[in-house]
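Below is one structure, written out as structure tokens; the observations come after it.
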Amino acid sequence: MRFRLVCWISLALCLTVDAHAQTPNFWGVKTIIGMSNSLRSNSNGSPFVQVAGYNSQGGSGGGLFYLTGNLCTYATASGGASWSQGERAINVLGSTSGVLPGMSVAPGQTLTGLKTYDNVVAVTASTILLAAPATAPGSAASVLFTPDNGGSSICDGEPTPYIYNRATFSYGPKDWGAFGGGLTGDHDDTVPLANWLNAPQPHVGDIDRYVVTAPLNCSANTTIQGPSNVSGSGSPLFSIIANNDSTLGPVFSGQWSTDGTILHQNVTQAVLTGDKFCRISGVGIDAGGFVSVLGTGSFSNNSSTINSVTNTANLQIGNTVVANGVPPNTTVSTIVGATVTMTQNYTGSGGIQSVTFYGPDAFDVEGRRVAVDGFSALINGSHNLDCGDNGPTGGLQLKDSEFISSLSDNVYLTSGCSNARLIGDIISTAGVSTNGTHGDPNARGVVFQDKDITIADGVIEQSNGTGLAEYYGDNPKSVPLLWWAPP
């Protein structure tokens, strides 16, 4: 797909200017097709080069870069390495010496499940944590990492390569190689978006739609800012879409966890998770409107395994498991044939019974004082927003945004999500996705199970079940179908 640099040897693209003017005098293109020339050998001594893009001049990833003077030194995780599907952690038996945060998985390796240019987030003596999870289990005798991170730093193509750093930023996903184009664009932008969100920089979405196949994270104190909407609401120009069409490639799967392992995955699945003080503004998140998977399975008391599951065709790791005797917030950890492993043990009497699996939420809140505002739109999730399931998350603010067409309860604020403010929001169509997929026949608009909530100047409408459901202990207080607070 991308990432080495090659000169286009044509008068139109190899330009010559005064090197002392510190202006670019070379056009290159980042690609995996050869390294016939390098930046330095074509720049006539200037430290600046203009890179045209990843696959074509003007494509994503282009910009002005400058020579740092530092060698592009690769590092190796040696002695054996392994990883699991859905995990971001690479387990290393030997040495991780020389592997540093900001490096990425180098191209040219056969590493089943690992994606080229997946950035390194953190390193310990035995673990390397990546920005995006593996798509399949795998192992290797060693894994090579490069300082070329696919976005802010690139390596030239000479036998002794040097590092060039980006000098001009749009602060958007295309700086990191994302393609966009939505579901018709035929590109999985999970790794570029994960690298973009992990980078210590502003995060400014552009006018495009990006498809992902694994969860993303808005880390602490991060703002994701989309452009202004054409209509003022309902159709953010920057959006992230969970792929739900297997004919286009892998469908959305997995869960987010801080240490990148299945063992410590959070209890719900979402396209985007938000740590403390995360803010998304003018952002669209489409969770795909996954059809809930209905079937039967054989359960055993105090076991996390469901045997003889009758329908696993559309089931994915991270999906929520709903059945009598299955604890709340239980999710799928592995799928092998007709056998499904859950994250929690079954507590019922056992036997064959009905079971339902739900797809991802649009946005899960995982820290305090998270905000969704600026005409954002969260649609087609199991929940469009889930707060409280992943620990105390007080101070949530939802302002001037839309939450449309969930398969289950739309805005789900459970115990732990105290002091919430919902102001100027439109919350509609709980129980039916935008493509007409029917979910929970009793799906509610807003569920609140903690203390202190403000709902004002907004609308809750067209829910399959109750519009607003407030629970105080075992005593629910509900307002059916439509609720609003006057200004």
Side-chain angles (χ1 to χ4, degrees), residues 1-3 54 60-61 77 81-91 99-107 109 111-123 127-138 140 143-146 148-153 172-180 187-201 203 205 210-219 222 224 240-243 248-262 264-266 269-275 285 287-288 316-318 360 364 366:
M1 189 165 83
R2 57 180 183 273
F3 293 136
Y54 285 99
S60 67
S82 63
W83 49 91
S84 299
Q85 181 179 356
E87 293 193 358
R88 296 184 297 126
I90 299 176
N91 301 306
V99 181
L100 300 173
M103 287 184 163
S104 64
V105 177
Q109 306 175 85
L111 303 170
T112 301
L114 296 187
K115 294 188 177 182
T116 299
Y117 292 98
D118 197 350
N119 282 186
V120 175
V121 175
V123 182
T127 303
I128 298 171
L129 186 64
L130 300 177
T135 58
V143 180
L144 190 64
F145 294 87
T146 172
D148 187 331
N149 63 18
S152 61
S153 297
K174 288 185 174 65
D175 281 353
W176 294 84
F179 283 83
H187 291 289
D188 180 358
D189 282 326
T190 304
V191 167
L193 261 67
N195 292 342
W196 170 61
L197 289 172
N198 181 63
Q201 63 170 60
H203 300 91
Y210 297 91
V211 175
V212 297
T213 58
L216 302 172
N217 177 248
C218 173
S219 58
T222 293
I224 306 174
I240 300 169
I241 306 168
N243 182 34
L248 301 177
V251 299
F252 188 91
S253 179
Q255 291 173 261
W256 179 266
S257 67
T258 302
D259 68 357
T261 63
I262 289 176
H264 296 111
Q265 281 179 341
N266 296 308
Q269 178 190 42
V271 178
L272 182 69
T273 58
D275 294 343
I285 302 175
Q316 300 297 325
I317 290 173
D364 280 359
E366 300 195 342

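Each residue takes its place number in the sequence, starting with 1. All values derive from a computational prediction rather than experimental measurement.
- To the nearest 0.5 Å, atoms CD (Gln85) and CD1 (Ile317) are separated by 4.0 Å.
- Proximity of Pro133 to Glu87: side-chain heavy atoms (C-beta onward) are nowhere separated by under 4.5 Å.
- The side-chain heavy atoms of Leu129 and Val120, taken from C-beta on, include no pair separated by under 4.5 Å.
- Between Trp176 and Asn149, the closest side-chain pair of non-hydrogen atoms falls below 4.5 Å.
- In this structure the side chain of Val212 reaches within 4.5 angstrom of the side chain of Val271, judged on heavy atoms.
- For the atom pair CG of Leu197 and CG of Asn119, the computed distance is 11.5 Å after rounding to the nearest 0.5 Å.
- At a threshold of 4.5 Å between non-hydrogen side-chain atoms, the residues Ile224 and Leu272 count as touching.
- Evaluation of the ring-ring contact (aromatic ring centres under 6.0 Å, His included) rule for Tyr210 yields Phe238 as partners, not counting sequence neighbours.
- Atoms CE and CG, from Met103 and Leu144 in turn, are 9.0 Å apart once rounded to the nearest 0.5 Å.
- To the nearest 0.5 Å, atoms OG (Ser253) and CG (Asn243) are separated by 11.5 Å.
- By the side chain to side chain donor-acceptor pair (under 3.5 Å) test, Ser84 is found to be paired with no residue, residues two or more places apart in sequence or in another chain being considered.
- Atoms CH2 and CG, on Trp256 and Asp275 in that order, are 7.5 Å from each other to the nearest 0.5 Å.
- The backbone N or O of Thr112 sits less than 3.5 Å from a side-chain atom of Trp83, completing a donor-acceptor pair.
- Contact record, Lys115 with Val191: CD-CG2, 3.5 Å, taken as the closest heavy-atom pair.
- Two residues are said to be in side-chain contact when any heavy atoms from C-beta on lie closer than 4.5 Å; Trp196 and Asp189 fail this criterion.
- Counting only heavy atoms from C-beta outward, the side chains of Leu114 and Ile90 approach each other to under 4.5 Å.
- Once rounded to the nearest 0.5 Å, the distance linking CD1 of Ile241 with OG1 of Thr213 reads 13.0 Å.
- Between Phe179 and His187, the angle of the ring planes stays under 30°, which puts this pair in the parallel group of the 30/60° scheme.
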